[in-house]
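Below is one structure; the comments refer to it alone.
Note that this is a predicted model, so its numbers are computed, not measured. Lettering follows sequence order; numbering is per chain, from 1.
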There are 2 protein chains.
Amino acid sequence: MDNHLRALRAARGWSQQHLAERLEVSRQSVNAIETGRYDPSLPLAFRIAELFELAIEDVFVSPSRG
Amino acid sequence: MDNHLRALRAARGWSQQHLAERLEVSRQSVNAIETGRYDPSLPLAFRIAELFELAIEDVFVSPSRG
DNA sequence: CACTATTGTGAAGGACGCTTTACATGACAA
DNA sequence: TTGTCATGTAAAGCGTCCTTCACAATAGTG
């Protein structure tokens, strides 16, 4: 599942470390999601969307929608 | 994380088995999500929202939003 | 009664999400 | 060169997601 996390983070000038702290996850988790190694859990996806004030569908891209 | 899956399914008169087949998961997975035993993965949450033609936020309720 | 449909749950196993610790790289400043 | 920051990745461990097989309980039908 694709996502726009790196672009959203870069647009705010945040490091992975800073984003991880705001999300209360490890820096490695942020990195893994950005590099597509795995998808976040649903609760973490909610926290990410809320932090960026976007809908989950605007952060994560369903494969069936391209 | 709370969700409205049971109500959405009931509104369409579907059994857990029928919903599970449409989502391509097991009946036990549907039951576990409905009874709150665990949250779905993000990809499955997308499939559920798409099936009901709703936003993920309209199916699953973030704890931080009550 | 027997039979079916629906739902809830348990156990065991595989794959994934997230952690901590750790090491390596490249960019940039002193 | 030395030091720091940001990033990428690996390993080990734990809990979660999802599976199959299985059994129980309830409700409705014959």
Could you check whether any side-chain N or O of [X] sits under 3.5 Å from a backbone N or O of [Y], counting only pairs where one atom can act as donor and the other as acceptor?
| X | Y | value |
| --- | --- | --- |
| B:R37 | B:I33 | no |
| B:R27 | B:A20 | no |
| A:T35 | A:N31 | yes |

Tell me the interatomic distance from [X], atom [atom1], to [N], atom [atom2], rounded to whole angstroms.
| X | N | atom1 | atom2 | result |
| --- | --- | --- | --- | --- |
| B:E34 | C:dT6 | CD | P | 13 Å |
| B:Q17 | C:dT7 | CD | C1' | 11 Å |
| A:F60 | C:dG17 | CZ | P | 11 Å |
| B:D39 | C:dC18 | CG | C1' | 15 Å |
| B:R9 | C:dT6 | CZ | P | 10 Å |
| A:L23 | C:dT19 | CG | P | 10 Å |

So the contacted stretch of DNA chain D, first to last nucleotide with an atom under 4.0 Å from a non-hydrogen atom of chain B, runs from D:dC17 to D:dA22

Counting the atoms with a prime plus P, OP1 and OP2 as sugar-phosphate, which does B:S15 contact under 4.0 Å by heavy atoms, base, sugar-phosphate, or nothing? sugar-phosphate

Sugar-phosphate only, base, or nothing, as touched by A:S41 at under 4.0 Å among non-hydrogen atoms
sugar-phosphate

Correct closest heavy-atom pair for B:M1 and B:V61 would be CG-O, 3.6 Å

Task: Side-chain donor-acceptor contact under 3.5 Å, A:S62 with A:E57 - done: no

By nearest-nucleotide position on DNA chain D, the 5'-leaning member of B:R37 and A:T35 is A:T35

One should read off an interatomic distance between B:R22 CZ and B:R12 CZ, to the nearest 0.5 angstrom, of 9.5 Å

Picking from C:dG8, C:dT19, C:dT7, the nucleotide nearest the side-chain atoms of A:S26 would be C:dT19

Can you tell me if the side-chain N/O atoms of [X] get under 4.0 Å from OP1 or OP2 in [N]?
| X | N | result |
| --- | --- | --- |
| B:Q28 | C:dT7 | no |
| B:N31 | C:dT7 | no |
| A:R27 | C:dA22 | no |

Looking at B:E24 and B:R47, is any side-chain nitrogen of the basic one under 4.0 Å from a carboxylate oxygen of the acidic one? no

